[in-house]
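Since the structure comes first, as structure tokens, the remarks are kept for the end.
Basis for what follows: all heavy atoms, side chains included, without hydrogens, waters or symmetry-related copies. Atoms within a ligand are numbered from 1 in the order they appear, just like the ligands themselves.
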Amino acid sequence: MEVGFLGLGIMGKAMSMNLLMNGFKVTVWNRTLSKCNELVAHGASIGKTPAEVINKCKITIAMLSDPAAALSVVLDKDGVLEQFCGGKGYIDMSTVDPETSCRINEAITSKGGQFLEAPVSGSKQPAETGQLVILAAGDKALYEAAMPAFDILGKKSFFLGQVGNGAKMKLVVNMIMGSMMNAFSEGLTLADRSGLNPRDLLDVLDLGAIANPMFKGKGPAMLQNNYSPAFPLKHQQKDMRLALALGDENSVPMPVAAASNEAFKKARSMGLGDMDFSAVFETLKVLKHSS
Ligand SMILES: NC(=O)C1=CN([C@@H]2O[C@H](COP(=O)(O)OP(=O)(O)OC[C@H]3O[C@@H](n4cnc5c(N)ncnc54)[C@H](OP(=O)(O)O)[C@@H]3O)[C@@H](O)[C@H]2O)C=CC1
Ligand SMILES: O=CC(=O)O
């Protein structure tokens with residue numbers, strides 16, 4: 001199967017490499033074109049623009065940072081839309097808001113194409129090992145056509161109905177995840193400042209009802225001030241912001257998420273946006289130094 005792939009950041013690079021290593025023919029594009037070199041060294045072809053990739057491939061996947069990037073790659077000069085026509089499919093796996101997904105859907109279908117949103121749950125390592133959870137919505141026929149690729153990229157795919165539902169599900173999941181990370185950071189800080197060993201807290205948490213892979217995976221690194229990015233903090237803050245907007249639209253009070261968003265904003269203001277989202281832990285250390 002041949003696919004195009006737009007966006008070779010942390011996720012896109014791992015996902016496109018995984019497709020390549022599993023026998024797919026992949027044509028890649030990235031805004032910073034030099035990031036294509038590693039994929040090309042492993043057998044990928046390169047498109048110099050998104051339009052060039054669309055022209056070549058029947059199905060193209062995008063994995064881009066945020067709504068502005070997702071829209072720009074479709075609508076701007078040399079973008080996806082310039083070459084779109086009937087018989088082609090576009091799958092946007094970026095985390096965006098439902099409105100952005102709907103705008104892209106309208107643009108693609110106005111050219112006779114098929115559109116699927118398919119954001120993913122799971123970070124750098126699940127992307128590398130094909131263990132993502134795929135949250136698809138939109139064109140069912142394209143979903144079925146893309147299943148061989150989804151089977152490589154993920155451990156489970158959900159088809160959630162109309163365009164927007166995939167984005168909503170992803171935002172709900174990441175709103176919960178971001179709030180959990182803040183509660184975890186506060187717990188580690190409270191343990192430390194009240195005279196406990198935070199490493200003991202990790203062991204206690206891991207044996208109880210709130211054990212989870214995130215605490216287990218990130219906790220030891222956080223205690224060593226290691227925030228090597230798997231999920232960049234700026235993207236987690238974007239997801240909190242978009243989830244809060246979804247809460248506004250639906251009159252859902254979300255005080256915990258709102259407080260978490262403020263903590264991620266504070267971390268961004270401290271220059272931690274490109275670090276892993278667990279770096280929100282650092283915002284609590286600032287309080288210690290200033291007291
Ligand atoms: N990392 C993670 O754990 C997960 C991330 N996600 C979501 O996946 C998406 C990608 O995340 P991730 O790979 O971590 O992000 P990165 O920041 O590593 O990569 C972002 C990608 O978007 C491109 N990009 C940014 N702005 C533009 C623009 N204006 N025009 C064209 N391309 C642009 C970047 O290009 P360039 O290289 O030129 O900067 C890069 O390819 C995000 O929506 C994120 O929320 C979802 C699940 C897990
Ligand atoms: O969006 C991030 C993730 O880990 O899922």
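Using the six-membered ring where Trp is involved, Phe184 and Phe215 have ring planes that are parallel, under 30° apart on the 30 and 60° scheme. The aromatic rings of Tyr143 and Phe150 sit tilted relative to each other, their planes meeting at an angle between 30° and 60°.
Proximity of a side-chain donor or acceptor of Asp66 to a complementary backbone N or O of Ala69 within less than 3.5 Å is detected. At distances below 3.5 Å, not a single donor-acceptor pair connects side-chain atoms of Asn30 with backbone N or O atoms of Lys35. In this structure a side-chain-to-backbone donor-acceptor pair under 3.5 Å is present from Asp276 to Ser278. The backbone N or O of Thr95 lies less than 3.5 Å from a partner atom in the side chain of Lys238, making a donor-acceptor pair.
Residue Leu8 has at least one N or O atom closer than 3.5 Å to an N or O atom of ligand 1. Of the N or O atoms in Asp239, none lie within a sub-3.5 Å distance of an N or O in ligand 2. At a 3.5 angstrom cut-off on N or O pairs, Thr32 counts as close to ligand 1.
When non-hydrogen atoms are compared, ligand 2 lies under 4.0 Å from the side chain of Asn174 (C-beta onward) but not from its backbone. Residue contacts with ligand 1, taken as heavy atom pairs separated by less than 4.0 Å, involve Lys35 solely via side-chain atoms from C-beta onward. Proximity of Ala230 to ligand 1, defined as any heavy-atom pair under 4.0 Å, is confined to the backbone N, CA, C and O atoms.
Atom 5 (O) of ligand 2 has as its closest protein heavy atom Gly122 N, 2.8 Å. The closest protein non-hydrogen atom to atom 8 (O) of ligand 1 is Met63 CE, 3.2 Å. The shortest contact between atom 6 (N) of ligand 1 and any protein heavy atom is with Thr95 OG1, 4.0 Å. The protein non-hydrogen atom at the shortest distance from atom 31 (C) of ligand 1 is Val73 CG2, 3.5 Å. For atom 19 (O) of ligand 1, the closest heavy atom belonging to the protein is Gly9 CA, 3.3 Å. Ile10 N, 2.9 Å is the protein heavy atom nearest to atom 18 (O) of ligand 1. When hydrogens are left out, the protein atom nearest atom 20 (C) of ligand 1 is Ser65 CB, 3.8 Å; that is the closest non-hydrogen contact. Annotation: atom 48 (C) of ligand 1 to nearest protein heavy atom, Gly122 O, 3.0 Å. In terms of protein heavy-atom proximity, atom 23 (C) of ligand 1 is nearest to Leu64 CD2, 4.0 Å.
Near Lys170, with a cut-off below 4.0 Å to any heavy atom, the atoms of ligand 2 are 1 (O), 2 (C), 3 (C), 5 (O). Counting atoms of ligand 1 from 1 in the listed order, those under 4.0 Å from a heavy atom of Val120 are 46 (C), 47 (C). Under a 4.0 Å criterion applied to the non-hydrogen atoms of Phe231, ligand 2 contributes the atoms 1 (O), 2 (C). Near Gly7, with a cut-off below 4.0 Å to any heavy atom, the atoms of ligand 1 are 41 (O).
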Please lay out, stage by stage, how Arg103 and Glu106 fare under the test salt bridge (Lys or Arg N to Asp or Glu O under 4.0 Å).
-> CA-CA 5 Å; Arg103 279 184 69 187; Glu106 277 163 30; over 6 Å; no
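Under a 4.0 Å heavy-atom criterion, Pro232 is in contact with ligand 1. Assignment of Gln236 to the shell around ligand 2 is not supported, since no heavy atom sits closer than 4.0 Å. Heavy-atom distances between His235 and ligand 2 stay at or above 4.0 Å for every pair.
With values rounded to the nearest 0.5 angstrom, Phe24 atom CZ is found 8.0 Å from Ile61 atom CD1. From Phe115, atom CZ reaches atom SG of Cys102 across 8.5 Å, with rounding to the nearest 0.5 Å.
Taking each of Val96, Asp276, Leu6, Asn30 in turn, the one with a heavy atom nearest to atom 40 (C) of ligand 1 proves to be Asn30. The heavy atom nearest to atom 15 (O) of ligand 1, considering only Arg31, His235, Met11, Lys238, is found in His235. The heavy atom nearest to atom 2 (C) of ligand 1, out of those in Trp29, Phe277, Phe231, is found in Phe231.
Both Leu71 and Ile108 belong to a common hydrophobic cluster when Ile, Leu, Val, Met, Phe, Trp and Tyr are linked at side-chain heavy-atom distances under 4.5 angstrom.
A pairwise comparison of heavy atoms in Cys57 and Lys88 identifies O-NZ, 3.3 Å as the closest pair. Heavy atoms only, all atoms of each residue included: Leu171 and Pro98 are closest at CD1-CD, 4.1 Å.
For the residue pair Ser94 and Asp92, a side-chain donor N or O sits within less than 3.5 Å of a side-chain acceptor on the partner. Between the side chains of Lys266 and Thr283, no donor-acceptor pair of N or O atoms lies under 3.5 Å.
The shortest distance between side-chain heavy atoms of Lys285 and Asn225 falls below 4.5 Å.
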